[in-house]
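All chains are named by letter (A, B, ...) in the order of the sequence lines, taking the proteins before the strands, and each is independently numbered beginning at 1.
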Protein chains: 2
Amino acid sequence: MATATRPAPGGPSGSSRGHGRSEARERLLSTASALFYREGIRAVGVERILAEAPVTRATFYRHFPSKDELVLAYLRGVDAHIRAGTQAAIDAAPSPADALRAIGTAVADDLARPDFRGCAFLKAAAEYPDPDDPVRQVVLDHRAWYVATLTGLFAQVFGDSPRRGKPEHAALHFVMMRDGAMSGAHLDGADAVGAAFHRGVEGLLTLLH
Amino acid sequence: MATATRPAPGGPSGSSRGHGRSEARERLLSTASALFYREGIRAVGVERILAEAPVTRATFYRHFPSKDELVLAYLRGVDAHIRAGTQAAIDAAPSPADALRAIGTAVADDLARPDFRGCAFLKAAAEYPDPDDPVRQVVLDHRAWYVATLTGLFAQVFGDSPRRGKPEHAALHFVMMRDGAMSGAHLDGADAVGAAFHRGVEGLLTLLH
DNA sequence: CACGCAAGAGAGAACGGTCTTTCTACCTGG
DNA sequence: CCAGGTAGAAAGACCGTTCTCTCTTGCGTG
């Protein structure tokens, strides 16, 4: 009985046979995601992840061919999560303007979370400066989707009174404020930056109704 | 004559005796600064810096007790450079509003530089998540100075018509747009983001004259 | 003036640590 | 049986740091 610290050998969900998703894989990904986001990608070694998952080296490399692939899975997970939340906010909003307001509120709520540490994509891009890196591609895809979504919403808002500027300009302004709020909140204080972002979004919307 | 590849044994400036600044030290700092900014701090090893300076290991550790200290010198150099440029822009401007416009133009010019890779301080903060790290302190000092400077200028502008909001709010809004533009420019395209930032600053200024 | 010496800089070996990755061996449940 | 898990050793590369040795330069002293 030398195997003392073992976390439920069988696992709760029985069907962990398929190679797609398994209990160890999910533990691995969620633990790594939290560590990558909180302490940085390069700063977190495989050893740390294995210790906190907890999972052995062999299991890790059976599910992910390399650490880089785990990093990509982490970013793709954040991307999927944000896209789903944004789409839900749009579907629930009674008007395009309200959808934009809801997206802005979601950003402001993020800033106020106690474990908020900035935008996962901007941080990842800062750690991977090579433009050809697959990590950068995921970041760029996410941002392109975000700008396109905002542009579509602003275009609908502009449809009513098309004399206040271009939808692309409004979307870029929104993203610029979001990026700034996300980058500065945990440095200058979430409350003040959140309030500034809220005023900015409100100003952008009342400017063109 | 085995010493083939040597870069001017004596050096151009003779008085390299004082331990404060020397020719090798400046080469070291400028080379490291460029590498840190372009490829990231953690990603650049001492080996790379020594090879590109070029400088030997012994010389490096004679001038800097550790790589961390070199990183701090890099950030303090950027800080000093920006403070000097900003102060010069303020002194040259005929009015506080023009000073703010000049600071905005300086930011926009930065975005358009071909070697622009984002804000050195935001990137450094992303690579050093520990709030107690000396690197974070330099970043926080720089940002506090920046916000204070902008708040002072906006307060002077508000002095004429004090009914349009608080100077702190305007300064925070300016910084938020700057951070966003700095973070997104090399991802979404410097031209579009620079134009959005310019429109944002212009809007912020015409809103309260 | 000649000499010697301290100091800055070059060249390179080497140490201890950490990182990612690979490998072998054993156990368990359907 | 075998797929997926645990356990642990270990290879190979890289990183920051320390060390020893040599060369050159500038300056004060005898």
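- Listed nucleotides: dG5(D), dT21(C), dT18(D). Nearest to the side chain of Tyr61(A): dT21(C).
- Residues Val78(B) and Tyr37(B) fail the side-chain proximity criterion, which asks for heavy atoms closer than 4.5 Å.
- Rounding to whole angstrom units, CD of residue Glu39(A) and P of dT18(C) are separated by 15 Å.
- Closest to the side chain of Lys67(A), out of dA9(C), dG16(D), dT20(C), is dT20(C).
- Cation-pi geometry between Arg83(B) and Tyr146(B) is not met: the NZ or CZ atom fails to fall both under 6.0 Å from the ring centre and inside 45° of the normal.
- Annotation: of the two residues near DNA chain D, Glu47(B) and Thr59(A), the 5′-most nearest-nucleotide partner is Thr59(A).
- With rounding to whole Å, Leu50(A) atom CG is found 13 Å from dG8(D) atom P.
- Put simply, CD on Glu23(A) is 16 Å from C1' on dT28(C), counting in whole angstrom units.
- At least one side-chain nitrogen or oxygen of His63(B) sits closer than 4.0 Å to the OP1 or OP2 atom of dA9(C).
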Passes salt bridge (charged side-chain N to carboxylate O under 4.0 Å, His left out), Asp179(B) versus Arg178(A)? Steps please.
CA-CA 9 Å; Asp179(B) 290 342; Arg178(A) 188 211 84 113; over 6 Å; no
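- Taking atom CD of Glu69(B) as the reference point, atom C1' of dG16(D) lies 14 Å away to the nearest angstrom.
- Of the listed nucleotides (dG10(C), dG5(D), dT20(C)), dG10(C) has the atom at the smallest distance from the side chain of Arg62(B).
- Contact check on Asp79(A) versus Arg76(A) returns no salt bridge, with no Lys/Arg side-chain nitrogen under 4.0 Å from an Asp/Glu carboxylate oxygen.
- Closest approach to the Thr56(A) side chain among dG16(D), dA9(D), dT6(D) is made by dT6(D) (side chain taken as heavy atoms from C-beta onward).
- As rounded to whole Å, 7 Å separates atom P of dT20(C) from atom CD1 of Ile49(A).
- Minimum atom distance to the side chain of Ala58(B) is reached by dT20(D), of the listed dT17(D), dT6(D), dT20(D).
- Across the protein-nucleic acid pair, Phe60(B) atom CZ and dT18(D) atom C1' stand 13 Å apart, rounded to whole Å.
- Rounding to whole angstrom units, CD of residue Glu26(B) and P of dA9(C) are separated by 11 Å.
- Stacking of Arg42(B) on the aromatic ring of Phe36(B) is not recorded, the 6.0 Å distance cut-off and the 45° axial limit not both being met.
- For Arg27(B), whose side chain is taken as the heavy atoms from C-beta onward, the closest listed nucleotide among dG10(C), dT21(C), dT6(D) is dG10(C).
- At whole-Å resolution of the value, CZ in Arg25(B) and C1' in dA7(C) are 17 Å apart.
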